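Just so you know, these numbers come straight off a predicted model, no measurement behind them. Just follow the structure's listing: the first ligand is 1, and inside any ligand the first atom is 1. For the single chain, residues carry numbers from 1 onward in sequence order.
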Amino acid sequence: MKDYSSLAQSVRQNGYFIDGQWHDGSGRERLERVSPGHGVAVSSVALCTAQDVDLAVAAARRAFEDVWGDTPGAERGRILIKAAEGIRARLDEMAYWETLETGKPISQSKAEITGAADHYEAAAGMARMITGETHNSYGEGMLGLVTKQPIGVVGLITPWNFPFIVLAERLPFILAAGCSVVLKPSEMTSTTSLIFAEILAGAGLPRGVYNVVTGTGPVVGEAMSNHLDIDMISFTGSTAVGERVLTASKSNLKKVGLELGGKNPQIVFADANLDDAADGVAFGLCFNAGQCCVSGSRLIVEASVAESFKAKLLEKLSRVKIGDPLDPDTQMGAIVTPQHFKKIMSYVERGQAEGACLDRGGEAVSPSGGEFIVPTVFSGVSRDMAIAREEIFGPVVTVQTFETAAEAIEIALDTEYGLAASVWSKNIDTALGVIRKMRAGRCWVNTTIVGGPEQPMGGFKRSGTGRECGMMGVEEYMETKSIHIALGDREHWVA
Ligand code: NAD
């Protein structure tokens with residue numbers, strides 16, 4: 001095996017960023033990040049305190065009140081365009097850190113960083129297209145206006161699995177709306193969010209608009225969720241932690257946006273292009289090693305083609321390149337932490353104990369020092385099994401079969417989650433008929449896990465509330481104000 005110790009000789013000591021100033025983190029405890037793909041320490045972050053959150057919120061409040069909330073949309077847009085240019089200019093560096101901290105393949109990191117730049121460009125145009133309503137039908141004496149204004153200071157809490165693209169699905173829309181931000185990235189993957197502070201400063205974003213407070217959820221995240229001067233929390237992460245954030249947000253009844261977990265169906269009909277579908281299901285299972293909120297973790301396939309389809313899927317999976325995440329040819333990378341590796345493996349054991357048939361996978365490999373799991377397929381799965389119900393968040397797919405479209409819909413909807421769903425069929429009535437019945441925020445027909453900044457995303461049921469991206473993703477961070485304007489002289493109440 002290659003020697004990865006040189007990664008360790010350059011452990012990056014991250015500071016944190018408040019009110020346009022870097023703090024080196026002295027006096028704070030630190031957390032070291034081990035590269036999941038290589039098993040060596042690569043970076044460390046300062047574990048900030050609730051007092052640091054107070055300072056960041058105060059800076060964000062000042063920036064919002066004094067500058068950013070009233071900056072014209074055109075100017076906000078220009079800064080977002082420069083931010084996109086800054087991201088593209090540092091693509092290789094950012095992708096490198098994304099791969100070292102998450103364990104994902106470098107080709108995927110590059111695509112995500114480039115995709116992030118795209119989001120800043122899209123939001124730049126939206127910044128100058130914020131509109132409202134007029135009501136001109138009250139008669140001569142009254143005109144009505146509905147205006148939108150930025151909600152204020154937004155607390156943003158992000159997960160480890162897509163650090164920079166999840167940020168990009170929220171931050172440019174928040175900035176386009178005119179809000180200021182206190183960000184707490186995952187303590188495991190803070191580096192790209194911190195590099196971005198430099199890029200935004202270079203793009204001309206006024207100080208205090210983007211603040212990054214690093215640290216743990218129970219300290220920094222909890223302090224933000226409770227904070228009396230944060231107007232909205234946008235949380236992306238697990239459903240269990242989302243519930244905690246919602247409870248804490250009661251302190252000042254702040255608005256809460258939640259983007260949470262999923263247990264997403266891939267419904268394959270016999271009349272689909274089965275080769276395309278097998279490729280899509282393989283991708284939906286292996287993308288980010290299954291550590292993906294919209295991972296296609298439940299295959300629901302028409303019984304008449306179930307065996308032949310499974311054979312195609314297993315053949316595809318046997319050719320997925322698992323390897324060093326820094327190798328440009330690698331398609332599937334590492335599992336994020338040893339604890340999470342154990343959790344996934346415990347589901348593999350549980351599936352077998354529950355009587356499901358392990359068709360392939362379920363074993364660990366270590367091509368470059370970290371912990372990786374081979375794509376895993378369980379068939380003979382019934383709806384009550386834990387592997388069919390709980391978010392495993394790893395490269396594990398369950399196979400269930402159906403006879404009719406109605407049965408496929410029933411199985412697909414039998415989950416507490418509602419994040420995403422894919423349908424594979426060449427019959428337009430079947431495909432659209434089924435997709436219309438899905439209770440999920442992101443749906444795909446004859447494809448999976450694609451999309452850009454134009455369309456909104458979010459969850460039904462326990463997958464969350466609110467929407468990110470698109471114009472809806474800008475309006476999510478705005479308050480609506482109704483104004484009635486009397487025209488002409490008043491008819492007096494006291495005559
Ligand atoms: P997580 O819930 O463990 O952590 C998410 C963030 O919350 C981290 O920054 C963490 O430090 C913070 N946090 C932890 N405890 C907290 C607390 N008490 N108060 C406030 N913040 C706290 O999730 P994760 O392991 O980082 O990410 C995986 C989960 O995220 C999966 O469930 C996945 O489905 C979900 N996810 C959802 C989306 C989406 O768009 N719906 C996108 C990516 C990930």
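Here the heavy atom of the protein found nearest to atom 18 (N) of ligand 1 is E222 OE1, 2.9 Å. Among all non-hydrogen protein atoms, the one lying nearest atom 36 (N) of ligand 1 is C293 CB, 3.6 Å. Scanning all protein heavy atoms for the shortest distance to atom 35 (C) of ligand 1 gives G237 O, 3.2 Å. Shortest contact from atom 9 (O) of ligand 1 to any protein heavy atom: T158 O, 2.7 Å. Counting protein heavy atoms only, atom 34 (O) of ligand 1 is closest to E391 OE2, 2.7 Å. Atom 17 (C) of ligand 1 has its closest protein heavy atom at G217 O, 3.6 Å.
Using a 4.0 Å cut-off between charged side-chain N and carboxylate O, E416 and R462 make a salt bridge. No salt bridge links K321 with D327; every basic N to acidic carboxylate O contact stays at or beyond 4.0 Å. In this structure, D414 does not pair ionically with K263, as no charged nitrogen and carboxylate oxygen lie closer than 4.0 Å.
Distance check on atom 4 (O) of ligand 1: every protein heavy atom falls at or beyond the 4.0 Å cut-off.
Between V166 and ligand 1, a contact under 3.5 Å exists for no N or O pair.
Every heavy atom of G464 sits 4.0 Å or more from the atoms of ligand 1. Contact annotation: R170 has at least one heavy atom less than 4.0 Å from an atom of ligand 1. Distances from ligand 1 to the non-hydrogen atoms of F393 include at least one value under 4.0 Å.
One distance of note links CG of L167 with OG of S186; it measures 12.5 Å at 0.5 Å rounding.
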For this session: Please report the C-alpha distance between R244 and E222 in whole Å, then the side-chain angles of each, then the deciding distance to 0.1 Å, and finally whether the salt bridge (Lys or Arg N to Asp or Glu O under 4.0 Å) criterion is met.
Result: CA-CA 8 Å; R244 291 186 66 115; E222 199 89 32; 3.4 Å; yes
